[in-house]
Structures are given as structure tokens and as C-alpha cells.
Amino acid sequence: MSVQHPFLLVVGGLVAVAVAVGYWWLQRQRARALATAGLATTSKDRLRRHLPPVLFLAALTLLLLSVARPQADLPVARAAGTVILAFDVSNSMAAEDVAPSRLAAAQAAAVEFAEAQPDSVSIGVVAFDEGALTTQQPSEDRAATVAAIKRLQINGGTSIGQAILASLTVIAGKPAVLPQDGQPAEDLGYWGNATIVLLSDGEDTGGPDAVAAAQLAATAGVHIETVGVGTVDGATVEVDGFQVATSLDEELLTEVAKTTTGSYHRAENAEALHDVYESLDLRLTTKVKPIELTGAAALTAVLLLTIGGVLMTTWFGRIL
């Protein structure tokens, strides 16, 4: 613990000591006078006589301490770190079983989410279809993040594995690739304050193995929250002049999330998407910050004064 005004702390300490010494001297003189008069006091009498003044003295000490403005360095929980919003922009995300479309609903909810995050959270945007492209590096610039989200457009197939690897590359700052031929995976470091929020209808059409990519993320300490955008009944979309049926595939999204101890969230409409973002389990970290204790000290002093005053009036019908 430290104080902002050490000189006032010294002065307050001297005053408190002087008051305590003065009270001790008066009580000693009183005890001698009672002894000379042949009067004895019981332990109950001594408790009643000394407790209220002791409470007043403690309150005075705390008030003098509060003048010096004490503060302590305490760990404070906060949302922090890096969040990568990985958007599925494949053809199936144009389906309108979530109005106005799966992608448009996901974008609208993501904008709300991004704007609600504190400055301690850096947000990046990755768009994925058969490949993946980083459209916004992690940043505290919310306007840039929102612009990147709104620029997303429908195109191609779906590779959830590629989305995870691209997001890991952004987080770690170096290429994330799956090991080949039994070789150990490259060490990406440990990123315990990073979260990937993967928004997709779950229809994986190829690319790197999604579960293996999730295992690589788990090794790096990265948390993956998956959001299933669409309905189980599904809808049809037109691709190159053909009508293609598409529906929400939850099995893969659930497995990917569980691999990193994350959670799968179903979002079958715009309201559900909003609720999903409200409930996302982002990482909480602690940061040591100086917290001023002046208010706590003053409040405790007032409480002690109140107790002392109540005891004094109850036992003696007066204060002091």
C-alpha cells in the first residue's frame, strides 16, 4: 500500500499517537484517583468505559489516514487480448433462412459486438471460403473493424480448417500450418488471451482438417467459440444458375469448439445472433492497477464513529 501525500500521513500518525497517549494518561490518572478513594471497577465497567473511546480513536486514525489518500495495487479483472472474427463468406451464407441473409445477419450482430468491446480488446477480421483472407489486422480502431465487417461479400466454398489456420497466423504473427508425415507441429507460442469467434453454417467443403486445426489452436492456448448461422431445416441458394440446398451442420462446429474447450452457439435468427454475442466467453485477464482507498477508509471511520456513539448514548446517556 502507498499514499499520495506521505507528509500528511506522518502528521496524521503523530496526531493519532498524541491522542492515544493523552487518553492513556487521563485513564491512568482516573484509575489512581479511584484507587485512592477505595473504589474498585469491574471488567464490565472497564469495557464500557474504554470501548467507545477506542472506537472513536480508531475512527480518528482512519480519517487522518484518508487525508493522505492511501492506495493499493490490486488485480482488476478485465476483458482483454485479441478476438478474431472469422466469417464464412461461402455461397451458402447467402441463404435467407436467417433474415435478411445468413451473412448479413452475422455482420449486423458482429458490428454491435465490436462496438461494445472495451479498448483493451483488439479485434481482427478474417473472411474465409475455400481459402481465407485477413481483411483487418487486430486493432483497437473500432471504425476500421466495422468497415472491414461491412465489406464482406459472398464467394466460393467453405474451408473451416483454413479459417482456423488463417486466424492462428494472425494471432501468432507467423504461418500456422498442419504438420505433415508425422512431423511435430511448429511451436506458435502460447496465446492464452486470444479468442477466435468462427461464424459459419458448418458446411465444410474441403481444405485442411478442421479438427486438426482446432487441436493446433488448443496447443497454442487459443479459445474457439463457434457460431452456427442458419437453420437445421435449411434453405436453397442459387449458385452458377443451379439451386443448391443448404442447412446448418452443427456436428463439426460443436467438435471444433469442444477441442479448444470453447462452446458452440446456435443462431437461427438475428435476435439469437445478438444473444450469442452477449454470451460469448471471452478471456478475462487481470491487470494490477492502483486503487484509491480513501473512500473505504472514510466509510469505515464513519461506521466506527456511529457504533461508538450508539454505545456511548446507550450506556451513559451522552456522547463524551
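Residue indices begin at 1 and follow the sequence shown. Keep in mind that what you see is a predicted model, and the values were worked out from it rather than measured.
Minimum interatomic distance between F87 and I149 (heavy atoms only, all atoms of both residues): CZ-CG2, 4.0 Å. Nearest approach of L152 to A127, heavy atoms of both residues: CD2-CB, 3.6 Å. Residues A94 and I154 approach most closely at N-CD1, 3.8 Å, considering heavy atoms. Of all the heavy atoms in Q136 and A148, the pair that sits closest is CB-CB, 3.6 Å. Residues S200 and L253 approach most closely at O-CD1, 3.6 Å, considering heavy atoms. Taking each heavy atom of G161 and A213 in turn, the nearest pair found is O-CB, 3.8 Å.
At a threshold of 4.5 Å between non-hydrogen side-chain atoms, the residues V146 and E115 count as touching. Looking only at side-chain heavy atoms (C-beta outward), I224 and T259 stay at 4.5 Å or farther from each other. Between T195 and V197, the closest side-chain pair of non-hydrogen atoms falls below 4.5 Å. Two residues are said to be in side-chain contact when any heavy atoms from C-beta on lie closer than 4.5 Å; Q137 and V170 meet this criterion. When side chains are defined from C-beta on, R142 counts as touching V121, because their heavy atoms get closer than 4.5 Å. Counting heavy atoms from C-beta outward, P179 and E186 have side chains that stay 4.5 Å or more apart. Between V126 and S167, the closest side-chain pair of non-hydrogen atoms falls below 4.5 Å. Taking 4.5 Å as the limit, some side-chain heavy atom of V222 sits within range of a side-chain heavy atom of I171.
Although no hydrogens or angles enter the test, the distance criterion places a donor-acceptor pair under 3.5 Å between the side chain of S101 and the main chain of A104. Formation of a donor-acceptor pair under 3.5 Å by the Q162 side chain with backbone atoms of F128 is not found in this model. Of the possible polar contacts, none joining the T82 side chain to the A194 backbone as a donor-acceptor pair under 3.5 Å is found. Using a distance-only test at 3.5 Å, with no hydrogens or angles considered, a donor-acceptor pair links the side chain of T169 to the main chain of A176.
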May I have the step-by-step check of side-chain contact (heavy atoms from CB on, under 4.5 Å) for L85 and I123, ending in yes or no?
-> CA-CA 7 Å; L85 299 176; I123 301 178; 3.9 Å; yes
Could you walk me through whether T231 and D233 pass the side chain to side chain donor-acceptor pair (under 3.5 Å) test, one step at a time?
-> CA-CA 5 Å; T231 61; D233 293 337; 5.8 Å; no
Dump the intermediate steps for side-chain contact (heavy atoms from CB on, under 4.5 Å) on L188 and L216, then the final yes or no.
-> CA-CA 9 Å; L188 298 176; L216 185 63; 4.1 Å; yes
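Here the CD-CG distance, from E225 to L199, works out to 11.0 Å after rounding to the nearest 0.5 Å. Atoms NE2 and OG1, from H265 and T226 in turn, are 6.5 Å apart once rounded to the nearest 0.5 Å. The distance from the CG atom of L252 to the OH atom of Y264 is 10.5 Å, given to the nearest 0.5 Å. A distance of 5.5 Å separates CG of D204 from OG of S159, quoted to the nearest 0.5 Å. Interatomic distance, OG1 of T158 versus CG of D201, reported as 5.5 Å (0.5 Å rounding). Interatomic distance, OG1 of T145 versus CD of E140, reported as 10.0 Å (0.5 Å rounding).
The salt bridge (Lys or Arg N to Asp or Glu O under 4.0 Å) pairs that include a residue from residues 150-177 number zero, where partners must be two or more places apart or lie in different chains. Within the structure, the salt bridge (Lys or Arg N to Asp or Glu O under 4.0 Å) test picks out the following pairs touching residues 62-72 (sequence neighbours left out): R69-E292.
By the neighbour-count criterion of 12 heavy atoms within 6.0 Å, atom CD of Q153 is sparsely surrounded, having that number or fewer from other residues, nucleotides or ligands.
Here D97 pairs with R102 under the salt bridge (Lys or Arg N to Asp or Glu O under 4.0 Å) rule; sequence neighbours left out.
Here the rule is side chain to side chain contact (heavy atoms under 4.5 Å, CB included) with L198, and of V227, I84, I160 only I160 fits it.
Placement of L55 and L303 within a single hydrophobic cluster is found when ILVMFWY residues are connected by side-chain heavy-atom separations under 4.5 Å, directly or transitively. With hydrophobic clusters built from ILVMFWY side chains whose heavy atoms lie under 4.5 angstrom apart, V17 does not share a cluster with L62. There is no path of hydrophobic side-chain contacts, each under 4.5 Å, that joins F56 to V54. Note: the hydrophobic cluster containing V125 does not contain L133 (ILVMFWY, side chain heavy atoms under 4.5 Å, direct or indirect links).
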